[in-house]
Novice: 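Attaching a single structure in C-alpha cells format; questions to follow.
The shown structure was predicted, so the numbers you read here are calculated from the model rather than taken from an experiment.
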Amino acid sequence: MSSSQKWLGSLSLVVASLTFPLSLIGADTVYELDPISATGNTSSNGSTHVVREELNPTSIVNPHKVESSAQAGVEIFTQEDIKDLAPKDMFDLLGHATGVDVTYQGRKSPYFVNVRGGGSLTYIIDGAILPSTANKMLQKLPLNAIEEIQIVRGSSSLTLGPSINIGSSTSGSGLNVGYIIIKTKQPEKTEAILSGSLEKTEGIPATNKESLYVGSRITNDDSSAFVGGMWSGLDQRTNDTWFDGQTADVKMANTGFTYKNLSAKLLAYKDTGTFDMQRGVSVLGTLDNSKWYYDPITTQIVSGDATLQWNENHATLASMFGTRYEHTEYSNESFGGTTPSTTIGNPKPYWEKTDGFSLRHNMRYGDTTVMLGVQSTDSSGYGANNSASYNRFDVNVLGWAGTVEQKLFNGQVILDGGYRQDQKHIDYSSTSATKNPDNDTDMAPAKIYALGAKWQMTPTYNISTRYYHGDEGTMGDFDVKSKTGTLHAETQERFETSLEANYDKAFNPMLTWFSVKTDNEKAQDTSATNTYILNGQTYYYYTESDTKRNGLELLLKGQFSTGTSYKASWTHLLQYDAIASSGVTTDNIGNSNPEDLYTVLLTQEWDKYRANLSVQKESGWHTSTSAMGTAYNVDLGNFTRVDTNIMRDFKTSGTTTTVTLYVRNLTDEHYATRYTTGYYYDRGRVFGLDVSMKY
C-alpha cells in the first residue's frame with residue numbers, strides 16, 4: 001500500500017470515528033467541564049493527579065498495565081511534571097528520570113539512552129512500537145503534545161512489547177531493559193491552547209517555538225467523543241562554530257469515542273524539518289571541518305486502538321499502527337577553515353517503515369489476574385543510515401506473552417510469573433548492494449521468563465522482588481563476524497528488589513538493589529588491525545564476553561502543606577564488569593559510563609506563582625566508543641546542571657495566560673558526554689520566556 005493510500009485511509013477513519021459517536025450522542029448532548037474519571041495516580045514529583053481509566057495503573061483496560069511487583073520500577077511524568085522541568089526536548093526530559101543516562105554525540109545517531117548503566121529500550125507512542133531509529137524519530141516530538149510518559153524498568157513486565165529491537169540494526173540488539181511509553185494529549189473539554197517561546201544562548205542566535213492546540217470532548221450518560229489537533233513549529237538557529245541548528249514543522253491529530261463498553265482512538269502524526277550534525281571539538285581545541293546534516297528528516301506515525309470491556313473482569317485491547325521515517329543525509333561538505341563550502345554534497349536518502357498490530361486480553365478471576373498478549377511488526381528499509389553506507393532489509397518480529405498474578409492473604413502478598421517468546425524472521429537483509437544475503441530465514445527465538453513478588457509487610461513498609469531470565473536468540477539482522485572462533489547468542493539475567501516506606505505524605509523513600517548479568521555480550525573490536533573489507537566496504541570484527549553490573553538506587557519524594565514538593569534520586573553502580581573493544585572484560589565504572597547519577601526536583605507554590613528548581617549531576621568517565629573507534633583519556637560527564645523557572649497564571653473571563661521565565665544550565669557548564677570527531681559540548685546557559693494562553 002502506498003503512503004498516499006495509507007493517509008487517505010487514515011483520513012477516512014478519522015471522519016468515521018467522529019461521525020459515528022456524534023450520531024449516537026444525539027441532540028441532547030451535554031457539554032461537561034471535566035469528564036475525566038476520578039482515579040488517582042502518582043506523578044514524578046509525588047503529587048496525585050486525576051487520570052482517565054485507561055491510564056489507571058491497576059485497571060484491566062490499561063493497555064500498558066504492569067504487574068504489582070514491577071510498579072516499583074515505573075516512573076511517570078505527567079503534563080504538570082513536564083511543565084515543571086521545562087526541558088528542551090524529549091531526550092532532555094528523559095535525562096531527569098531516575099537511573100537514566102542520556103548521552104549526546106551530535107552525529108548521525110544523536111542520542112543514546114542507558115538505564116542503570118546500559119541496555120536498550122523499546123519506545124511506544126499511542127500503541128505504535130517504534131523501530132531502532134526511535135532516537136531520531138522522537139527528537140522533534142513537541143512536549144506539549146504529550147499527556148503522560150511512563151518509564152518502565154520492571155523486569156517482570158513481558159506483555160508490553162517485543163523483548164528485542166524491531167526494525168534493523170548493524171549489530172546484536174541485545175534484550176531490552178525497559179520501555180518508554182508515550183501517550184499523546186487528549187482534550188479534557190472544549191479548549192484551545194496557544195503557546196510560544198523564545199530562548200537565547202550567549203553568542204548563538206535565538207531559538208523560537210510556537211504551537212496551537214485545539215480540542216473538544218463531548219459526553220453524555222453512556223457515550224463520549226473527543227477530537228484534538230496540534231500544529232507546532234521549531235526554529236533553532238545556530239552559527240558555523242556550533243552548527244547544531246534544527247527546524248521542525250509538526251502536525252498531529254487524534255480522535256476517539258466511547259460507547260458503553262467499547263472505546264476506540266486514532267492518532268495521525270507527522271513532523272518534517274532539518275537537523276545539523278554538531279561540529280566536534282578535539283582535545284587540542286580545534287573544530288572538526290565536517291559539514292554533515294539531514295535535510296529533510298521526516299517522521300510519520302498512524303495508530304489506532306480499540307478496547308472492548310466485556311464486563312468488570314474481562315477486557316480485550318487491540319491496536320494497529322504504521323510508522324515511516326525518512327532522511328536525506330549530506331556528508332560530503334566541509335567548512336574548510338573559515339569559509340563554508342558552497343559545493344552541495346552527495347545526498348544520501350534513507351527510508352524505513354514499520355507496520356504492526358498488538359492484541360491483548362486482560363482478565364480477573366477473584367484474586368487472580370491473567371494477561372495474554374501478541375504483537376507482530378513488519379519492518380523494511382533502504383539507504384544509508386548511521387555508520388552503514390548501505391542498508392536494505394525486510395524483517396518481521398512476532399512475539400507472544402502471558403503473565404499470571406495471584407493475590408494471597410487479602411492482597412498482602414502478590415505473586416506473579418510470565419513467559420515471552422519473540423521470533424525474528426528475515427525476508428531480506430544486507431549491508432552491501434553486491435552481496436547476496438540469505439533470504440527467508442528464521443532466527444533463533446528470544447525466550448524469556450520472569451517471576452515477581454510483592455509483600456505488604458506492614459501498613460508502612462512493602463518489598464518487591466523481580467527476576468528475569470532471557471535467551472536473546474538472534475544477534476541482529478546483519479552479519480556479525482568474529483576474527484577467531486564463533487559468536488553465540490546473548491543470555492541475560494536480571495534481579496532487583498525494592499523496599500518502600502510510606503511514612504506520610506511528606507516523606508516516601510524507596511531503596512532498590514539491581515543486578516544485570518549478560519553472557520556473550522557483543523562489542524566492536526575497534527583496533528585498527530581488526531577490520532575486514534567486503535565489497536569495497538570496511539567493517540569491524542566483533543568480540544564477546546560475559547558482563548555484569550549491579551548497584552543501588554535511592555528515591556525520595558514528598559509534599560508539604562506549605563505548597564512544597566520534591567523528588568530526589570541517586571543511582572550508584574557498585575560493579576560493572578564490561579566488555580572492552582579487545583574482547584576482555586574490564587571495570588567500566590568511570591571508564592565509559594558514570595558511577596553516580598543524581599536528580600533533584602524542588603517545587604514551591606504560593607498564590608498564583610509556581611517555582612521549580614531541578615538538578616542533574618553525573619560523575620565523570622574517560623573513554624568513548626563509536627563507529628570511528630575508541631577515544632581514550634577524554635573528559636566526559638563530571639557535571640552538575642541546574643535548571644530553574646518561575647511561572648504565573650493570569651486569569652481573565654475564560655482565558656488563562658501562563659507566563660514562564662526559565663533558565664537552563666544556570667551555572668553555564670559546557671559539558672560533553674561523547675567524543676567522536678571531538679567533544680560535543682552543551683551550549684551552556686539558556687535564558688527563555690514561554691507564554692501560553694488557554695481558552
Side-chain angles (χ1 to χ4, degrees), residues 87-121 123 132-139 151 153 165 169 171 173-174 176-178 180 242 244 246 275 277-283 288 386-387 516 523-524 526 549 551 569 571 573 576 578-581 588-599 616-641 643 664-665 669-684:
K88 176 179 178 289
D89 52 31
M90 167 67 66
F91 295 97
D92 190 14
L93 173 65
L94 293 178
H96 290 83
T98 303
V100 175
D101 171 35
V102 180
T103 61
Y104 172 71
Q105 73 157 354
R107 306 298 287 173
K108 300 181 180 183
S109 185
Y111 299 97
F112 294 83
V113 182
N114 294 322
V115 177
R116 295 170 175 170
S120 58
L121 296 163
Y123 295 82
S132 54
T133 48
N135 64 348
K136 289 184 281 191
M137 296 176 70
L138 292 173
Q139 59 187 335
I151 302 170
R153 292 169 298 217
N165 283 342
S169 61
S171 65
S173 59
N176 294 336
V177 297
I180 306 293
W242 287 89
D244 61 349
Q246 57 177 307
F275 183 84
M277 302 185 198
Q278 183 176 337
R279 298 179 69 179
V281 182
S282 75
V283 292
D288 180 71
N386 296 340
S387 58
V516 180
Q524 286 183 343
T526 55
R549 68 179 185 272
S569 70
T571 302
L573 287 178
Y576 194 170
I579 184 173
S581 61
N588 200 44
I589 298 178
N591 181 28
S592 58
N593 75 279
E595 180 177 11
D596 295 289
L597 300 172
Y598 303 88
T599 67
Q616 293 174 264
K617 180 177 175 59
E618 295 191 12
S619 54
W621 62 98
H622 56 77
T623 301
S624 180
T625 300
S626 68
M628 297 183 66
T630 300
Y632 299 96
N633 300 318
V634 288
D635 184 15
L636 300 171
N638 193 27
F639 67 88
T640 301
R641 174 177 147 177
D643 299 350
R664 295 196 201 100
N665 199 345
E669 287 207 37
H670 292 274
Y671 59 90
T673 52
R674 276 187 178 266
Y675 188 98
T676 304
T677 62
Y679 295 106
Y680 303 101
Y681 288 115
D682 184 82
R683 280 187 167 197

Novice: Counting N and O atoms only, with roles assigned by atom type, does the side chain of Asp682 sit under 3.5 Å from a partner on the main chain of His670, one being a donor and the other an acceptor?
Specialist: no

Novice: How would you list, by chain and number, every residue that makes a side-chain contact (heavy atoms from CB on, under 4.5 Å) with Asn593, sequence neighbours excluded?
Specialist: Leu573, Tyr576, Asn588

Novice: Would you check if the side chain of Arg116 reaches a backbone N or O of Arg549 as a donor-acceptor pair within less than 3.5 Å?
Specialist: no

Novice: Output all residues satisfying side chain to side chain donor-acceptor pair (under 3.5 Å) with Glu595, sequence neighbours left out; order by chain, then residue number.
Specialist: none

Novice: Would you give the length of the straight line joining atom OG1 of Thr623 to atom CG of Asn591, rounded to the nearest 0.5 angstrom?
Specialist: 4.0 Å

Novice: Could you grab the distance from atom CD1 of Ile151 to atom CG of Leu93, nearest 0.5 Å is fine?
Specialist: 7.0 Å

Novice: Please name all residues satisfying side-chain contact (heavy atoms from CB on, under 4.5 Å) with Lys617, sequence neighbours left out, ordered by chain then number.
Specialist: Tyr598, Thr640

Novice: Please give me the minimum heavy-atom distance between Asp643 and Arg641, naming the atom from each residue.
Specialist: OD2-NH2, 2.8 Å

Novice: Do Tyr680 side-chain atoms and Arg107 backbone N/O form a donor-acceptor pair below 3.5 Å?
Specialist: no

Novice: If you take all heavy atoms of Trp242 and Arg683, which pair is closest and at what distance?
Specialist: CH2-CA, 3.8 Å

Novice: Step by step, would you call Glu618 with Asp596 a side chain to side chain contact (heavy atoms under 4.5 Å, CB included)?
Specialist: CA-CA 6 Å; Glu618 295 191 12; Asp596 295 289; over 6 Å; no

Novice: State which residues pass side-chain contact (heavy atoms from CB on, under 4.5 Å) with Ser624; sequence neighbours excluded, sorted by chain then number.
Specialist: Leu636, Arg674, Tyr675

Novice: Please enumerate all residues that pass side-chain contact (heavy atoms from CB on, under 4.5 Å) together with Val102, with sequence neighbours excluded.
Specialist: Phe91, Leu94, Val100, Tyr111, Val113

Novice: Considering all heavy atoms of both residues, which atom of Asn638 and which atom of Glu669 are nearest to each other, and what is their separation?
Specialist: O-OE1, 4.3 Å

Novice: Looking only at heavy atoms, what is the nearest atom pair of Ser619 and Pro594, with distance?
Specialist: O-CB, 3.4 Å

Novice: Return the CD to OH distance between Gln616 and Tyr671, rounded to the nearest 0.5 Å.
Specialist: 6.0 Å

Novice: Which heavy atom in Phe639 sits nearest to a heavy atom in Thr673, and how many Å separate them?
Specialist: CE2-CG2, 4.2 Å

Novice: State whether a side-chain donor-acceptor pair under 3.5 Å links Ser109 with Asn135.
Specialist: yes

Novice: Who passes side chain to side chain donor-acceptor pair (under 3.5 Å) against Arg153, sequence neighbours left out?
Specialist: none

Novice: For residues Asn386 and Lys136, is any side-chain donor paired with an opposing acceptor at under 3.5 Å?
Specialist: yes

